[in-house]
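Working notes for the structure below.
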Amino acid sequence: MERTPGQSEPVPDDILEQYQDLVTGCVDVLPSGGLLQRLVQARREGRPIRAKLGVDPTAPDIHFGHTVVLRKLAQYQAHGHIAVLIIGDYTAKVGDPSGRAKTRPQLSDEEIAANATTYMEQAGTVLDMDKVELVRNSDWLGPLRMDEVLRLTAVTTVARMLERDDFSKRYSAQEPISMVEFMYPLLQGYDSVAVRADIELGGTDQTFNLLMGRTVMEAYGLPAQCIMTVPLLAGLDGVQKMSKSYGNYVGVDDQPADMFGKIMSIPDELMVTYWTLLTGAGHREIEDVQARLTSGEYHPAVAKRDLAERLTTLYHGAEQAAAARAAFDRLFKEKERPSDVPEMPLPGDAVVDGRVWLPRLLAALGLVASNGEGRRLIQQGGVRLDDAVIKDPGADLAPEELYGAVLQAGKRQFVKIVR
RNA sequence: GGGGGGGUGCCCGAGUGGCCAAAGGGAGCAGACUGUAAAUCUGUCGGCGCAGCCUACGGAGGUUCAAAUCCUCCCCCCCCCA
């Protein structure tokens, strides 16, 4: 038993345990002690906590980086609280200035609607959508009257707005800051009023907006929400943030083998981070994994396989994940061919004068980008035909020799040539 | 309105007349090793059946035996002052 500051009642152990799970992996929980107090208070009042997450449907697909905050929200669900998911179909049109060096381009209604649909589908891979309280902020932001808008703008000052990083940089760099961008944090804050949030989740880049929610709620006579921020997820390269444009991402709809393989390619140092942010595991499990890795009892190679299987299971089920693991081991550990080698017919343009020149064949099959690259690959010993390394870039074969043969380019590209 | 700095290969970035298909780094790819598609080391990294040729340094012309490098015009970015 522990006591919260300023509170005479002891905190029940199960709430403390729950609290530990919820704050695991978070960067900030503000104000400090606020969440624990909320949990205790909610228990006393016999009600669940309302955890808010607002998402602007500005991008079509979601990847693991987006799931970090969704997992956190799902954790609230798992502990019996209410996940309030706000689709920011109205705020998407305003454009969040967070982390932006310039004003966001405005999206059309159609784009927003389409994005929202795929977003909700994909969010369903993480959240229990049947239990989510799903709302759209156009419902209350659309009908706002001007006097209400003015009341909202009066809750803060220009000086406070300019304090935030993105704005102050742009302001001092003499770059434009549109008035509508000042509105964004206020509208997001108004969302919190509309849904009566106890706590709002977001990425660290959202800190300013989340705090503004507190200001707005207080101005509307509500208790200010707590805020909880989760870190940006590092991509597969371990250096840059996970992002589609860096090509270092895992999509939630990636195929099992692909998903498993991508996870296997993360640097070792990232394992615990991924475990913490992506699996939804509780704090005890994370601490246990960490401890066993540190002591050397848990072999990193095994740990990474377990992690990859665990994550693949979340999106594809245990059976597919186990199959992906088995296939991976067959391919890399035992250096055997995968069981499902794709079959391709011999491309017609690979045959010249009745002969097939190997570099051209590789290019024609799409295994390399050009004849020259095929030539290099061969010289480097990266090409096998029926398990025999071919090192002569001049290799020239008759089509009959190729039918039924398995061509391997590099470690993981296999093609069976068929007639 | 005035002054200044830039645009180089997938990305960053050096190069100011020949030795430049262009240093260096990153990414990618391959090989070795291993515990995996980690880490590390080595190689490779425009195209072409390749000891040669072609295409390339924002775009178009020009000077020259020779231009990423010099000249002219154009396009685009950025900074400072007003």
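We name chains A, B, ... by the order of the sequence lines, and we start the count at 1 in each one.
Salt-bridge check for R292(A) with D288(A): passed, with a basic side-chain N closer than 4.0 Å to an acidic carboxylate O.
Residue order along RNA chain B, read from the 5' end via each residue's closest nucleotide, puts A257(A) first among A257(A) and G372(A).
Using N1 to N3 plus N6-O4 or O6-N4 for Watson-Crick, or N1-O2 and O6-N3 for G-U wobble, each under 3.5 Å, A60(B) pairs with U72(B). Pairing for C65(B) is with G18(B), a Watson-Crick or G-U wobble pair whose two hydrogen-bonding atom distances lie under 3.5 Å. For A39(B), there is no paired nucleotide, since no Watson-Crick or G-U wobble pair has both relevant distances below 3.5 Å. Base pairing analysis places G9(B) opposite nothing; no Watson-Crick or G-U wobble pair with both distances below 3.5 Å involves it. If you check G49(B) for Watson-Crick or wobble pairing at under 3.5 angstrom, you find it has no partner at all.
One can place OH of Y274(A) at 15 Å from C1' of U36(B), the figure rounded to the nearest angstrom. Between the CG atom of D268(A) and the C1' atom of A37(B) there is a distance of 12 Å, rounded to whole Å. Here the C1' atom of nucleotide A37(B) and the CG atom of D254(A) are 14 Å apart, to the nearest Å. Rounded to an integer number of Å, the gap from D349(A) CG to G49(B) C1' is 15 Å. Taking atom CZ of residue R376(A) and atom P of nucleotide U42(B), one finds them 20 Å apart after rounding to whole Å. What separates CG of D306(A) from P of G35(B) is a distance of 17 Å, to the nearest Å. Separating the CG atom of N371(A) from the C1' atom of G49(B) is a distance of 8 Å, rounded to the nearest angstrom. Taking atom NZ on K391(A) and atom P on A30(B), their separation rounds to 15 Å, with Å as the unit.
A donor-acceptor distance shorter than 3.5 angstrom exists from the side chain of T117(A) to the backbone of A113(A), with no hydrogens or angles considered. Listed for the E309(A) side chain is no donor-acceptor partner under 3.5 Å among the backbone atoms of R325(A). A donor-acceptor pair under 3.5 Å is formed between the side chain of R71(A) and the backbone N or O of L278(A). With K72(A) contributing its side chain and G25(A) its backbone, the two residues share no donor-acceptor pair below 3.5 Å.
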**Item:** Verdict with reasoning, Q290(A) to W275(A), per side-chain hydrogen bond (donor to acceptor under 3.5 Å, both in side chains)
**Value:** CA-CA 10 Å; Q290(A) 175 73 276; W275(A) 213 299; over 6 Å; no
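Nucleotides U44(B) and C57(B), compared at atom C1', are 22 Å apart to the nearest Å. Spacing of C1' atoms, C81(B) relative to G47(B), comes out at 49 Å, to the nearest Å. Taking atom P in both U64(B) and C11(B), one finds a spacing of 35 Å when rounded to whole Å. Taking atom C1' on both G25(B) and C76(B), the two are 27 Å apart, rounded to the nearest angstrom. Comparing G1(B) with G61(B), their P atoms sit 31 Å apart, to the nearest whole Å. Separating the P atom of G26(B) from that of U36(B) is a span of 25 Å, rounded to the nearest Å. Remark: the separation of the C1' atoms in A67(B) and A60(B) is 16 Å, to the nearest Å. The gap from the P atom of A68(B) to that of U63(B) amounts to 16 Å, rounded to the nearest Å.
Counting heavy atoms from C-beta outward, L36(A) and L16(A) have side chains that approach closer than 4.5 Å. Within the 4.5 Å cutoff, the side chain of V23(A) has heavy atoms near those of the M228(A) side chain. In this structure, Y184(A) and F208(A) have side chains that are not in contact, with every pair of non-hydrogen atoms separated by 4.5 Å or more.
When distances are taken from the side chain of P300(A) to each of U36(B), G49(B), G35(B), the shortest belongs to G35(B). Between A37(B), A30(B), G49(B), one nucleotide has an atom nearer to the side chain of Q380(A) than all others, and that is A30(B).
Within 4.0 Å (heavy atoms only), I266(A) reaches sugar-phosphate atoms of the nucleic acid but no base atom. Base engagement by G261(A) is indicated by at least one non-hydrogen atom pair under 4.0 Å involving a base atom. Contacts of P267(A) with the nucleic acid, taken as non-hydrogen atoms under 4.0 Å apart, involve only primed sugar atoms and P, OP1 or OP2.
A close approach under 4.0 Å does not occur between any side-chain nitrogen or oxygen of R360(A) and OP1 or OP2 of C50(B). Residue S370(A) has a polar side-chain atom (N or O) positioned under 4.0 Å from OP1 or OP2 of C48(B).
Residues from residues 406-413 of chain A placing a heavy atom under 4.0 Å of any atom in RNA chain B, listed by number, are G410(A), K411(A), R412(A).
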